[in-house]
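Note that the coordinates shown come from a computational prediction; the quantities given were computed from them, not determined experimentally.
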Amino acid sequence: MHSLALRRHLSATENVTNLLRNYVHLHELGEVDTEKAMVSLTRNDYEPDVCFWGTEKSQHFTDEQAQHPAPDLVVEVLSKSTEKTDRGVKFKDYAAHGVREYWLVDPRRHTVEQYQLDAEFMAFELVNKLTVKDSLTSLTVAGFQIPVRAIFDKTVNLETLGKLLTR
């Protein structure tokens, strides 16, 4: 049984999903799924909060598929019960399996840590630690840029969605 998520965790997950999924589908860049999408890696299987696969990987998905390869982007929303795993074993596993970009969203502090894969060492490097005053530009999803505040504020999320859909 899954651990229960607090409202702030659910809201941040839904807000990221809303923006990313709509943008990706509008521009036909691949697929975006949430925590029920099983990502099967060598050592463990995970259900990331939000994940993105570019068209190179997602074009091979089928309607009957239950397990998925390593995404190109993974977003984990931190909570007290998952932070150690998100920063520990998941962090290492995602890098070892070629996840190109990893975001750790902290709904308590309203921050986002953005990591990029160093392919030579198969390890993540911190690229940005962003606050609600900043803008987040994906390194993996072409043209996807949002204010960090849109992850934590539903009004800003809807305003941002409107802008994304007219680009």
Side-chain angles (χ1 to χ4, degrees), residues 9-42 45-78 86 90-91 93-107 111-120 122-130 132 134-167:
H9 183 283
L10 295 171
S11 294
T13 301
E14 291 167 2
N15 286 341
V16 170
T17 303
N18 182 42
L19 298 174
L20 188 59
R21 178 177 280 144
N22 281 291
Y23 182 83
V24 165
H25 287 180
L26 178 67
H27 296 284
E28 299 178 354
L29 298 174
E31 290 295 330
V32 174
D33 282 312
T34 56
E35 57 192 332
K36 287 300 177 189
M38 178 70 68
V39 171
S40 294
L41 306 179
T42 308
D45 292 338
Y46 298 111
E47 295 178 352
D49 289 319
V50 184
C51 40
F52 160 78
W53 295 270
T55 54
E56 188 175 317
K57 291 180 183 178
S58 65
Q59 69 182 339
H60 303 290
F61 291 178
T62 68
D63 289 342
E64 298 300 314
Q65 187 166 342
Q67 294 177 300
H68 300 83
D72 295 304
L73 165 67
V74 169
V75 180
E76 292 288 5
V77 178
L78 301 175
D86 292 339
K90 283 184 178 183
F91 192 89
D93 280 355
Y94 291 151
H97 287 85
V99 172
R100 296 173 21 214
E101 186 175 3
Y102 188 40
W103 301 351
L104 290 175
V105 174
D106 188 332
T111 60
V112 177
E113 294 173 28
Q114 182 183 30
Y115 295 88
Q116 182 176 27
L117 182 66
D118 179 330
E120 181 180 351
M122 296 306 282
F124 288 121
E125 293 181 343
L126 180 64
V127 176
N128 288 305
K129 185 162 184 178
L130 306 161
V132 293
D134 300 314
S135 182
L136 172 61
T137 302
S138 176
L139 306 168
T140 305
V141 182
F144 186 74
Q145 181 177 21
I146 60 169
V148 171
R149 187 175 299 281
I151 295 171
F152 307 108
D153 182 315
K154 66 181 174 182
T155 301
V156 176
N157 186 274
L158 289 171
E159 291 169 0
T160 303
L161 178 61
K163 291 174 185 174
L164 287 174
L165 294 177
T166 59
R167 282 189 198 164

**Item:** Partners meeting ring-ring contact (aromatic ring centres under 6.0 Å, His included) with H68 (sequence neighbours left out)
**Value:**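 Applying ring-ring contact (aromatic ring centres under 6.0 Å, His included) to H68 gives W53, F61.
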Taking all non-hydrogen atoms of both residues into account, name the closest pair between [X] and [Y] and its distance.
X: G30; Y: S58; answer: CA-OG, 3.5 Å
X: H97; Y: A70; answer: O-CB, 3.5 Å
X: S135; Y: Q145; answer: OG-NE2, 3.1 Å
X: D86; Y: Y102; answer: O-OH, 2.7 Å
X: E28; Y: T55; answer: O-CG2, 3.5 Å

**Asked** Can V141 and V24 be said to form a side chain to side chain contact (heavy atoms under 4.5 Å, CB included), step by step?
**Response** CA-CA 8 Å; V141 182; V24 165; 3.9 Å; yes
Answer with yes or no whether the side chains of [Y] and [X] bring together a donor and an acceptor at under 3.5 Å.
X: E101; Y: S138; value: yes
X: Q67; Y: S40; value: yes
X: T140; Y: D72; value: no

[atom1]/[X] to [atom2]/[Y] distance, rounded to the nearest 0.5 angstrom?
X: S11; Y: I151; atom1: OG; atom2: CD1; result: 12.5 Å
X: K90; Y: L41; atom1: NZ; atom2: CG; result: 10.5 Å
X: I146; Y: T137; atom1: CD1; atom2: OG1; result: 9.0 Å

**Heavy atoms from other residues, nucleotides or ligands near CD of E56 exceed 12 (cutoff 6.0 Å)** =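 Not buried by this count: 12 neighbours or fewer within 6.0 Å.
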**Prompt:** Would the number of heavy atoms belonging to other residues, nucleotides or ligands and lying under 6.0 Å from CD of Q65 be above 12?
**Reply:**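 Enclosed: over 12 neighbouring heavy atoms sit under 6.0 Å from CD of Q65.
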**Request:** Classify the ring geometry between F144 and W103 as parallel (under 30°), tilted (30 to 60°) or perpendicular (over 60°).
**Result:**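 If you compare the ring of F144 with that of W103, the planes turn out parallel.
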**Asked** Can you name the one residue among T160, L164, L161 that meets side chain to side chain contact (heavy atoms under 4.5 Å, CB included) with N18?
**Response**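 It is L161; the other options fail the test.
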**Message:** Restricting to side-chain contact (heavy atoms from CB on, under 4.5 Å), what partner residues turn up for D49, sequence neighbours left out?
**Reply:**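 With neighbours one apart ignored, the set is H9, T13, E35, E76, V77.
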**Asked** Under 6.0 Å between ring centres, would you say that holds for Y115 and F91?
**Response**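 When the ring centroids of Y115 and F91 are compared, they turn out to be within the sub-6.0 Å range.
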